[in-house]
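Worksheet: one structure, shown below.
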Amino acid sequence: MFRFVFVIFLGLFLIAGVAEAQRRTSPPRKQLIAPKKKAPAPAKPQAAVATDTTKAQVPATAPDTSATAQDTLAAPTAAPAIDTSSDTLTEAAAEAKLQQEPKADSIHSFKITIEDISYLAVCPGTNVTIPFKTEGPFDEGNTFIAHIIDATGKSVPISLPVKKSPIKAVIPSYKVGGEIYRIQIIASIPVVRSQEVPIRLLQAPAAKIDLIDGTQTVRIMPGQEAHLRVNLTGAAPWSFRLSDSTTVLQTLSNPHFITVKPMDVKAYRVTAVSNACGSGTVSGEAIVNVNNNPEPKLELKEIEKIAKLCAGVPFQVPFNATGKYKEGNKFVVQIAERNGAFKNISTPDSSGYITTQIPDTYKPGEYRLRVTSTAPYLVSQTTNISIVSPTVGTLQKDSLRLGENESGQLTVKFTGGGPWFVLLSDGTYENNIQESPHKIKVKPFYDTNYQISSAGGLCGVGKFSGSAKVTVKSPPASITLEKLPQNMACAGSTIDIPYKTEGRYNPNNKFTVQMTDKSGRFVTLPTTVTPTAMQVKLAAAAPGDTTKIHKIRIVSSSPAVSSAIEELEVIAPDKAVAEVSGRGTVSAGRSTRIQLKFKNGLPPWSFTLSDGTAINGTFLNPYLISVSPASTTEYTITSLKSGCGTGTGRGSAVVTVEN
């Protein structure tokens, strides 16, 4: 029997030992703490095998905890590096590691803000400094890199990694100047992006030379001038140099015009151009041919500019005189009727630029014009011109009646050479009018009598006349005198009178405040008008008056409208009176109260008693004040001030103290 019991006991002991061994070799039930991951390293062939060592170490007989281990390893919580050479961590070690780990960053907000760089305008290939601010606990290994983003959304880094603001970046030289790009800063741990900030890249310069009329060659006589034109692109200002060593520095003119006077044939080119972005590209060539012994020629040019002319108005005759003329040669402008002989209308001139005018004796109509030279005698081609009469503008006598905020049309007739312009008396203006009669739109706010202030056409300001009346239907005008902020005021003081209006008032309207005088008649007070209130200066008090009730109102002049009447008590300055009264008997150390009554003054009242007690600014009337004299005392008023100046004290209060 004893042996049987011993065998059972030994069997139970062995079973318990096996269970304990299985418990020790099975993985802990608590989640494992993942080691802190370092920055990504280049991939190795065995990396795929080493991704989940915990799962590989779990015995086949243990429950499947791979899902738990995988979720824990995927968590973003960073932890100090731990030894992963052992199969597992004990529960105590895992808890100790958990306590040492920093809290997850999910409760923090990460933010990068680029500071104001709107003042930057840089060239491709240049350096730029980008200041920024950050929020959030970025990792110690975090770095910031600046990126530039083009219009297609393509983003490329333009700086080295830095730990803190500012970033010094380089704008790529292949970026196109004259376009808007965006700058963005990106953090590495965690990956956070700033806002996108626009930056304008300046454009490199380019210069192209030609003649002023866009051609490449011109022929002149010795001593004449030729006009070159340099067209510039890129960011201003520009500096450039021509092949004849002419140098222009920091010009803002585009195109830039240059006058040359070569003695022989010469080709002009731009040899170099630069701006804030450095040197640029040049193109074009302007060739000036100088004919030393040409055949003289005379021709009109740009004849469309003189197709219509006004008698008595100076104009320049555009013509070309090329070739070699004899010494003493003169040019003359001539005019003739359709079938008449030509007559001179200019004085002889040798410059080649003649300014003249049609004599007033020539009536409006069709004529012919030409230019002649004297040595040798040459005649240019003839062009047809029209002499037009000065403008006469007439405003039709219309009578319009418009509703509020409506517009209408007035009619203006023109004669004489156009196109015409007209300026009405209310400032309405139109020009380049091609047809007559012409409708002009008006939108008056008030009844308006329209007249023409100025009108004219091709021959300048002409004659004008006529008038038109436009009436506007508008709501009736009214004035509301708002509740006065105070029902008492000091004579001679300035107060604000709140008001509001409805309807329309004429432009010459004036608002004023009126108040009754001693006889009850309304008189006008000096008034300053603001959009919400009128500041008025009250009249001085009449002799003998200490306080008086006056009536007050607001009136307008055009139209004549009056507000409702309010009452205002006007108090004379320095007329306040404080009367002290009271008698009492108290024991030593006890207190009692005496009374003060105020009249005539404007509260608040400030006073001082004969014992030195001072009260500053009370609105109570009557006013009770506690006193505690050490011996029998008579109290009087020694000084008094109110909202309308100083005052006087009357009466006394006697407090008897019993021993």
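Just so you know, these numbers come straight off a predicted model, no measurement behind them. Because only heavy atoms are used, hydrogens play no part in the values below, and waters and symmetry mates are left out as well, while side chains stay in.
Panel note: side chain D447, backbone V472; a donor-acceptor pair is recorded below 3.5 Å. S188 places a side-chain N or O within donor-acceptor distance of the main-chain N or O of T143, the cut-off being under 3.5 Å. In this structure, S159 contributes its side chain and A146 its backbone to a donor-acceptor pair below 3.5 Å. Judged by distance alone, with hydrogens and angles left aside, the side-chain atoms of S454 form no donor-acceptor pair with the main-chain N or O of L423 at under 3.5 Å. Of the possible donor and acceptor atoms, one in the side chain of S563 sits under 3.5 Å from a partner among the backbone N and O of I554. Here the side chain of T527 pairs a donor or acceptor atom with the backbone of V513 at under 3.5 angstrom. With S557 contributing its side chain and N509 its backbone, the two residues share no donor-acceptor pair below 3.5 Å. Looking at N506, its side chain never comes within 3.5 Å of a backbone N or O of N508 through a donor-acceptor pair.
To the nearest 0.5 angstrom, I571 atom CD1 is 4.5 Å from L602 atom CG. One distance of note links CD of Q195 with CZ of R182; it measures 12.5 Å at 0.5 Å rounding. With rounding to the nearest 0.5 Å, the separation of CD1 in I185 from CD1 in I167 is 4.0 Å. If you take CD on E567 and OG1 on T516, they are separated by 9.0 Å, rounding to the nearest 0.5 Å. Between atom CZ of residue R504 and atom OG of residue S558 there is a gap of 14.0 Å, rounded to the nearest 0.5 Å. Between atom CD of residue E566 and atom NZ of residue K551 there is a gap of 11.5 Å, rounded to the nearest 0.5 Å.
Residue pairs meeting the ring-ring contact (aromatic ring centres under 6.0 Å, His included) criterion with at least one partner in residues 633-659, sequence neighbours excluded, do not occur; the list is empty.
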Quiz item: side-chain contact (heavy atoms from CB on, under 4.5 Å) between T636 and L609: does it pass, once the steps are laid out?
Solution: CA-CA 6 Å; T636 59; L609 296 180; over 6 Å; no

Quiz item: Between N616 and S606, does a side chain to side chain donor-acceptor pair (under 3.5 Å) hold up when you go through it step by step?
Solution: CA-CA 4 Å; N616 186 23; S606 300; 3.0 Å; yes

Quiz item: Passes side-chain contact (heavy atoms from CB on, under 4.5 Å), V577 versus R650? Steps please.
Solution: CA-CA 7 Å; V577 176; R650 295 179 184 175; 3.7 Å; yes

Self-check item: Derivation and outcome, side chain to side chain donor-acceptor pair (under 3.5 Å), residues S425 and Q451
Solution: CA-CA 5 Å; S425 52; Q451 294 178 329; 5.6 Å; no

Quiz item: What's the verdict on side-chain contact (heavy atoms from CB on, under 4.5 Å) for T638 and T608, showing C-alpha distance, side-chain angles and the deciding distance?
Solution: CA-CA 6 Å; T638 58; T608 303; 3.6 Å; yes

Quiz item: Given the rule in the side-chain contact (heavy atoms from CB on, under 4.5 Å) test, do I552 and H550 qualify, once you have shown the distances and angles that lead to the verdict?
Solution: CA-CA 6 Å; I552 192 168; H550 291 266; over 6 Å; no

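Minimum heavy-atom separation, I130 to S165: O-OG, 4.4 Å. Of all non-hydrogen atoms in Q514 and T524, the two that sit nearest each other are NE2-OG1, 3.4 Å. Residues V470 and P444 share a closest heavy-atom pair of CG1-CG, 3.6 Å. Of all heavy-atom pairs between T632 and V657, the closest is OG1-N, 3.1 Å. Among all heavy-atom pairs drawn from S642 and G601, the shortest one is OG-CA, 3.8 Å. Contact between L400 and Q409 at its shortest, heavy atoms only, is CD1-O, 3.5 Å.
K133 meets the side chain to side chain contact (heavy atoms under 4.5 Å, CB included) test with E115; sequence neighbours excluded. Scanning for side chain to side chain contact (heavy atoms under 4.5 Å, CB included) contacts around T528 gives Q535, with sequence neighbours left out. Qualifying side chain to side chain donor-acceptor pair (under 3.5 Å) partners for S118, counting only residues two or more places apart in sequence or in other chains: D116. Annotation: ring-ring contact (aromatic ring centres under 6.0 Å, His included) contacts of F522 (sequence neighbours excluded): none. With sequence neighbours left out, Y450 forms a ring-ring contact (aromatic ring centres under 6.0 Å, His included) with no residue at all. Applying the side chain to side chain donor-acceptor pair (under 3.5 Å) rule to E569 yields the partners T547; only residues at least two apart in sequence or on another chain are considered. Residues satisfying the side chain to side chain donor-acceptor pair (under 3.5 Å) criterion with H147, sequence neighbours excluded, are S155. Scanning for ring-ring contact (aromatic ring centres under 6.0 Å, His included) contacts around Y505 gives F511, with sequence neighbours left out. Partners of D150 under the salt bridge (Lys or Arg N to Asp or Glu O under 4.0 Å) rule, at least two apart in sequence or in another chain, do not exist in this structure.
Contact of the T633 side chain with the V627 side chain is not registered, since no non-hydrogen atoms from C-beta on lie closer than 4.5 Å. Looking only at side-chain heavy atoms (C-beta outward), K548 and V570 stay at 4.5 Å or farther from each other. By the 4.5 Å heavy-atom criterion applied to side chains, V128 and T126 are not counted as neighbours. Annotation: side chain of I440 is in contact with side chain of L410 (closest heavy-atom distance under 4.5 Å). At least one side-chain heavy atom of W605 sits less than 4.5 Å from a side-chain heavy atom of N621. For the pair L640/T648, no side-chain contact is recorded, criterion being any heavy-atom separation below 4.5 Å from C-beta on. F138 places a side-chain heavy atom less than 4.5 Å from the side chain of V192. Looking at I158 and I183, their side chains come closer than 4.5 Å, going by heavy atoms from C-beta outward.
More than 12 heavy atoms of other residues, nucleotides or ligands lie within 6.0 Å of CG in L620, so this atom counts as buried by the packing criterion. The number of heavy-atom neighbours closer than 6.0 Å to CZ of F445, taken from other residues, nucleotides and ligands shown, is 12 or below. Within 6.0 Å of the CD atom in E140, the count of heavy atoms belonging to other residues, nucleotides or ligands does not exceed 12. Within a 6.0 Å sphere centred on NZ of K163, heavy atoms belonging to other residues, nucleotides or ligands number more than 12. More than 12 heavy atoms of other residues, nucleotides or ligands shown are found within 6.0 angstrom of CZ on R553.
Side-chain contact check for D574 and T646: at least one donor-acceptor pair (N or O, by modelled atom type) lies under 3.5 Å.
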Below 3.5 Å, can you tabulate the donor-acceptor pairs from side chains in residues 583-599 to any protein atom, sequence neighbours excluded?
none

Can you give the donor-acceptor pairs under 3.5 Å from side chains of residues 481-502 to other protein atoms, not counting sequence neighbours?
residue: Q486; atom: NE2; partner: M488; partner atom: O; Å: 2.9
residue: S493; atom: OG; partner: C490; partner atom: O; Å: 2.6
residue: Y499; atom: OH; partner: T530; partner atom: O; Å: 2.8

